[in-house]
Amino acid sequence: MTNQAPPLVEYDAADDPVLVAALRRESACWYVDDLRRLGWLAGSERAAQWADLANRFTPELRTHDRYGNRIDEVDFHPSWHALMDVAVREGLAGAPWASTRPGAHVARAAGLHVWSMAEQGHTCPVSMTYAVIPALRAEPELAATYEKLLTSQVYDPGLRPPASKLGLIAGMAMTEKQGGSDVRVNTTTATEHPDGGYRLRGHKWFTSAPMSDLFLVLAQAPGGLSCFLVPRVLPDGSRNTFRIQRLKDKLGNRSNASAEPEFDDTVGWLVGQEGRGVRTIIEMVALTRFDSALGSAAGTRAALIQALHHAHHRAAFGALLVDKPLMRNVLADLAVESEAATTLVMRLAGAIDRSVRGDADERAFARLGTALAKFWICKRQPAFVAEALECLGGNGYAEESAMPRLYREAPLNGIWEGAGNVNALDVLRALAREPAARAAYDAELERAAGGDVRLDLAVASVRAEIAGIESLSPDDLEFGARALVERMALVLQGSLLVRHAPAAVADTFCATRLGTCGGRAFGTLPRGTDTAAILARVPPATRP
């Protein structure tokens, strides 16, 4: 066998100078050794097999047991449970909320970035378990009962009374078929019960990880749309009514079950105040949106490593692909995009960590920065993965390469937790209503002032556009939302790279994303680009 790349296994997926440098900047240098250990597992043949099997043998719904009793259980392949066990054990779910160590949320973000490179479907319940904690704290009594188990580093699958388990997994049920993202038109009702709880009746359209122990659910109470905690199993051991009508047959994310549950006299406990359901659950949504951006950054990195690995071993027209100037242009362009994405999400991880510890400015920055990252990084992932797949040619189109799975996963994060339009409108809302978020964003850009003339010009243009939004009609403002959000995201990435990336990376980004060089397709970097310095930033794939 000649001129074929060997399998990309038994490598350190955390051998990433961008990620390691971010850990040091964001007060989590203490995590580097653990990250590298996790990186070797993520890059192992064992993890690759788990990922393949979990997606080949997809979840199966069992609505009834052999006696005809309604059980509404979903069976997963053992590989799914192996992936989940690692994620929870390594503290990638709720564990940071139980830590007082500075950088705990940064470490968790870096670990999830690395581990999700192995397989992303299982990270959906991992993310929701992480994100549920601040929302649940709106009801201190419920938080006191369940938070310790949600922050546990023990994966304990199976439907049993929550208090009897060693660790819990959480989910959310928001959307309905008549409204989707417009949750205010939800029709599921919640009626107060003499026992102090509520009884829910209705349906949900897209509820992932249906074997989770607890769900935050939106329903219409007498006081308006409200948030409820709904357990799969009640404290007395009886099954709560959670009828799974079917599992979705999805484009990707196939290892993860997504269901249509129906509630019928289903027990739920109010979280927060009646009529404040969106405000309560938005704490959870903000963090799952961050994880969507983080997942897209990880997905681009995984695709880039595959493409570079192939190029270092595959020859064409008399030389290795990686030595062909046009292929180097493509690969370097992808590497710049990947570095920009990782740098932004890790800056946001630092902001989240500091905001948890009471930094109001960082909380304001995370508010706007998360919406920008969710829009832009998730929007770039599908084109990025398609280009990386093309680097492998027909070899990348075969399922054995794992590239088809990365390609099918690529659009998901852009849809999950609000598609592009929803996040673009969220940015407009923050600019109009939250001056602290606007000021924090502007202050972040100011830190790179004078570092690159192209960045300075782009920042001035964005500032002028933001200042002028008040003079626009609502229709004109909304019509141009995506263009504004795109530019805001790009100048934010540029400001971070000018401050933290090597000159070759920052200069190339500013020239092609903010300046007039480069084109719309990947692989259109200008002549003279230092591709060697850029590609040296992707170590696992640069070693033949």
Side-chain angles (χ1 to χ4, degrees), residues 22 25-27 106 282 286-287 289-290 293 297 339-380 420 422-472 474 476-478 480-501 506-507 509-511 513-515:
R25 280 197 309 274
E26 305 294 346
S27 305
V106 177
I282 203 68
L287 291 172
R289 283 181 175 171
F290 167 73
E339 180 156 349
T342 298
T343 303
L344 176 52
V345 295
M346 292 307 294
R347 169 66 183 93
L348 288 168
I352 291 168
D353 193 82
R354 288 182 284 276
S355 69
V356 167
R357 287 162 176 76
D359 191 321
D361 290 338
E362 288 291 87
R363 181 177 178 84
F365 173 73
R367 165 68 182 93
L368 191 52
T370 297
L372 293 171
K374 169 67 167 71
F375 175 86
W376 183 240
I377 299 173
C378 298
K379 192 63 64 185
R380 294 292 277 171
V422 171
N423 281 273
L425 293 173
D426 192 36
V427 171
L428 295 185
R429 201 158 34 244
L431 291 174
R433 302 177 185 175
E434 302 182 42
R438 187 164 162 174
Y441 170 78
D442 194 62
E444 187 71 21
L445 300 184
E446 189 62 28
R447 293 187 176 99
D452 186 283
V453 65
R454 294 156 300 194
L455 174 62
D456 290 343
L457 290 171
V459 168
S461 176
V462 165
R463 283 173 171 161
E465 191 168 356
I466 292 173
I469 62 176
E470 294 174 2
S471 64
L472 297 173
D476 283 345
L477 180 60
E478 181 175 323
R482 281 189 176 219
L484 173 60
V485 171
E486 176 180 320
R487 287 190 288 272
M488 290 179 67
L490 286 170
V491 297
L492 179 56
Q493 287 183 320
S495 72
L496 291 168
L497 293 179
V498 164
R499 290 160 55 203
H500 303 307
D507 180 70
F509 183 93
C510 290
R513 275 68 169 174
L514 304 177

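Nothing here was measured: the structure is a model prediction, and the numbers come from that model.
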List the residues meeting side-chain hydrogen bond (donor to acceptor under 3.5 Å, both in side chains) with Asp442, not counting sequence neighbours, and say none if there are none. Arg463

Mind checking the CG-CD1 spacing from Leu431 to Ile469? Nearest 0.5 Å is all I need. 5.0 Å

Hey, could you give me the CZ/CD1 distance between Arg354 and Ile352, rounded to the nearest 0.5 Å? 10.5 Å

For the residue pair Ala364 and Ala436, what are the closest heavy atoms and their distance? CB-O, 3.5 Å

Does some side-chain heavy atom of Thr343 sit less than 4.5 Å from a side-chain heavy atom of Gln493? no

If you define the side chain from C-beta out and look only at heavy atoms, does anything of Leu484 sit under 4.5 Å from Leu428? yes

Among Arg433, Arg289, Lys374, salt bridge (charged side-chain N to carboxylate O under 4.0 Å, His left out) partner for Asp426: Arg289

Closest heavy-atom contact between Ile466 and Met488? CD1-CE, 3.9 Å

Got a sec: does the CZ of Arg25 have more than 12 other heavy atoms crowding it under 6.0 Å? yes

Taking side-chain hydrogen bond (donor to acceptor under 3.5 Å, both in side chains) as the test, write out the residues that go with Arg454, two or more places apart. Asp452, Asp507

Not counting sequence neighbours, which residues clear salt bridge (Lys or Arg N to Asp or Glu O under 4.0 Å) with Asp353? List them please. Arg357

When rounded to the nearest 0.5 angstrom, what distance separates CZ in Arg482 from CG in Leu425? 9.5 Å

With sequence neighbours excluded, residues passing side-chain hydrogen bond (donor to acceptor under 3.5 Å, both in side chains) with Glu486: none

Counting C-beta onward and ignoring hydrogens, is there a side-chain heavy-atom pair between Val498 and Cys510 closer than 4.5 Å? yes

Residue pair Leu348 / Phe365, side-chain heavy-atom distance below 4.5 Å: yes

Taking all non-hydrogen atoms of both residues, which atom of Ala501 and which atom of Ala506 are closest, and how far apart? CB-N, 4.4 Å

Residue Glu478 excluded, over 12 heavy atoms near CD under 6.0 Å: no

CA sep, side-chain torsions, deciding dist, call: Trp376, Asn423, side chain to side chain contact (heavy atoms under 4.5 Å, CB included): CA-CA 10 Å; Trp376 183 240; Asn423 281 273; over 6 Å; no

List the atom of Glu26, the atom of Met346, and the distance in Å for their closest heavy-atom pair. CG-O, 3.7 Å

To the closest 0.5 Å, what do you measure between OG (Ser355) and CZ (Arg367)? 13.0 Å

Measure the spacing between CG of Leu368 and CD of Glu444 and express it to the nearest 0.5 Å. 11.0 Å

Check whether any side-chain heavy atom of Val427 sits under 4.5 Å from a side-chain heavy atom of Tyr441, and report yes or no. no

Please find the pair of heavy atoms, one from Leu514 and one from Gly494, that lie closest to each other, and give the distance. CD1-CA, 4.4 Å

Which atoms form the tightest heavy-atom contact between Ala448 and Leu455, and what is the distance? CB-CD2, 3.8 Å

Set of residues satisfying side-chain hydrogen bond (donor to acceptor under 3.5 Å, both in side chains) with respect to Asp361, sequence neighbours excluded: none

Partners meeting salt bridge (Lys or Arg N to Asp or Glu O under 4.0 Å) with Asp456 (sequence neighbours left out): none

Rounded to the nearest 0.5 Å, how far does OG1 of Thr370 lie from CG of Leu287? 8.0 Å

Give a yes or no answer on whether the side chain of Ser461 reaches the backbone of Ala458 with a donor-acceptor pair at less than 3.5 Å. no

